[in-house]
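Here the structure is laid out as structure tokens; the discussion comes afterwards.
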Amino acid sequence: MTIRVIIVDDQAMVRAGFAALLSAQSDIDVVGEAPDGRRGVEVSRTVHPDVVLMDVRMPEMDGLAAARELLSPPAGVVHRPKVLMLTTFDVDDYVYEALRAGASGFLLKDAPPADLISAVRVVAAGDALLAPSVTRRLIADFARQRPAAPTGGPALRLNALTPRETEVLELIARGLSNQEIAARLVLAEQTVKTHIGRVLAKLGLRDRAQAVIFAYESGLVAPGEA
């Protein structure tokens, strides 16, 4: 199935370059582009892409506000694309907040072309783009700046998990892949996927990105441990 993508960036050359690169892939179709977040939301709701490549810093409406509009749409709007944030900075509070809002990950603009293509495919498949160590560092940095986790709220929600599910969540937050978690816990990889699905469902989380953030904010994992 072809992955439908729109590119939202205030630099025309960046949009053109990304569009040319992605359109050259047989399984990716660039169906629109926009120069700012507001227009990006409009285009997305018109063409219904699978993935939105969203720049962080833009005029009119920045990427964070646009991501929130797309991922928490008003009543009557059903379509919710996957959002992949693009940034020139490896530590950016906008990106952290976008992950909390439900974005599926982020990618540095100067990443190799192959990484961009892979990122679109990963996000379209429903996974979070958390492989680069910079992503885990970003989350850890901002978790470290926040107050200590309260005894209520997220911490209480951990009680809904079984001991094994809690263990899996902790390993996700430490940056381990499904294969690495399976090896660590001596489980089949499919069993790990089942546990992850249950963790997300019980905690009301969209994907691994939100699971990592939840693990920090609930106090399950302390900054610097991942």
Side-chain angles (χ1 to χ4, degrees), residues 1-9 14-34 37 39-56 58 63-64 66-73 77-87 94-96 98-132 134-136 138-139 172 175-179 189-190 192-194 196-197 199-201 204-213:
M1 186 177 69
T2 302
I3 302 169
R4 295 166 55 82
V5 177
I6 68 170
I7 301 166
V8 185
D9 193 292
V14 170
R15 297 198 306 272
F18 285 173
L21 175 65
L22 295 174
S23 296
Q25 310 307 307
S26 60
D27 60 336
I28 299 176
D29 186 12
V30 177
V31 296
E33 60 178 65
R39 180 62 182 145
V41 172
E42 294 172 356
V43 172
S44 178
R45 289 181 178 161
T46 299
V47 303
H48 294 173
D50 301 303
V51 177
V52 176
L53 293 180
M54 182 77 73
D55 187 22
V56 172
M58 294 180 291
L64 174 58
R68 285 175 173 157
E69 287 272 343
L70 292 175
L71 297 169
S72 299
V77 177
V78 177
H79 179 254
R80 296 189 187 189
K82 304 292 184 181
V83 176
L84 177 61
M85 306 301 296
L86 297 168
T87 180
Y94 280 112
V95 178
Y96 177 83
L99 290 174
R100 294 188 73 224
S104 295
F106 87 101
L107 190 70
L108 295 178
K109 282 187 176 181
D110 60 359
D115 286 2
L116 174 62
I117 296 168
S118 174
V120 168
R121 290 171 177 155
V122 166
V123 169
D127 294 324
L129 191 68
L130 286 174
V134 65
T135 306
R136 295 193 296 273
L138 179 147
I139 294 173
I172 291 174
L176 275 66
S177 67
N178 288 359
Q179 186 175 16
E189 192 169 345
Q190 184 56 50
V192 172
K193 291 179 180 178
T194 298
I196 292 173
V199 168
L200 298 181
L205 306 174
R206 284 173 56 99
D207 54 28
R208 292 174 82 103
Q210 288 198 324
V212 171
I213 291 170

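Below, each value reflects all heavy atoms present in this structure, side chains not excepted, and no hydrogens, waters or symmetry copies.
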- Just wondering, do Ile117 and Leu22 contact through their side chains at under 4.5 Å, heavy atoms? yes
- Query: Between Lys82 and Ser104, what is the shortest heavy-atom contact and its length?
  - Reply: CD-OG, 3.8 Å
- Task: Heavy atoms only: give me the nearest Ala211-Leu205 pair and the separation to one decimal.
- Result: CA-CD1, 3.6 Å
- Any donor-acceptor pair under 3.5 Å linking the side chain of Ser44 with the backbone of Gly40? no
- Item | Pairwise side-chain contact, Glu33 with Val8, heavy-atom cut-off 4.5 Å (strictly under) | no
- Task: Kindly give the heavy-atom pair with the smallest separation between Leu70 and Met54, and that separation in Å.
- Result: CD1-CE, 3.8 Å
- Close side-chain approach of Thr2 to Gln25, heavy-atom, < 4.5 Å: no
- Rounded to the nearest 0.5 Å, how far does CG of Leu86 lie from CG of Leu116? 7.0 Å
- Close side-chain approach of Leu53 and Val5, heavy atoms under 4.5 Å: yes
- Partners passing side chain to side chain contact (heavy atoms under 4.5 Å, CB included) against Arg39 (at least two apart in sequence or in another chain): Ala34, Pro35, Asp36, Glu42, Val43
- Task: Identify the heavy atoms of Leu71 and Gly102 that sit nearest to each other, and give their distance.
- Result: CD1-C, 3.3 Å
- Task: Output yes when a side-chain donor or acceptor of His79 lies under 3.5 Å from a complementary backbone atom of Pro73, and no otherwise.
- Result: no
- Query: Which atom pair, heavy atoms only, marks the closest approach of Met58 to Gly37?
  - Reply: CE-N, 3.6 Å
- Query: Can you check side-chain contact (heavy atoms from CB on, under 4.5 Å) on Ile6 and Val30, steps first, answer last?
  - Reply: CA-CA 6 Å; Ile6 68 170; Val30 177; over 6 Å; no
- Query: Given side chains that start at C-beta, do those of Ile196 and Arg208 come closer than 4.5 Å, heavy atoms only?
  - Reply: yes
- salt bridge (Lys or Arg N to Asp or Glu O under 4.0 Å) contacts in which one or both residues fall within residues 101-114, not counting sequence neighbours: Asp9-Lys109, Asp55-Lys109
- Item | Between CG on residue Leu107 and OG1 on residue Thr87, distance to nearest 0.5 Å | 10.0 Å
- Over all atoms of both residues, closest heavy-atom pair of Pro81 and Pro49: CB-O, 3.5 Å
- What distance separates Ser23 OG from Ile28 CD1, expressed to the nearest 0.5 Å? 8.5 Å
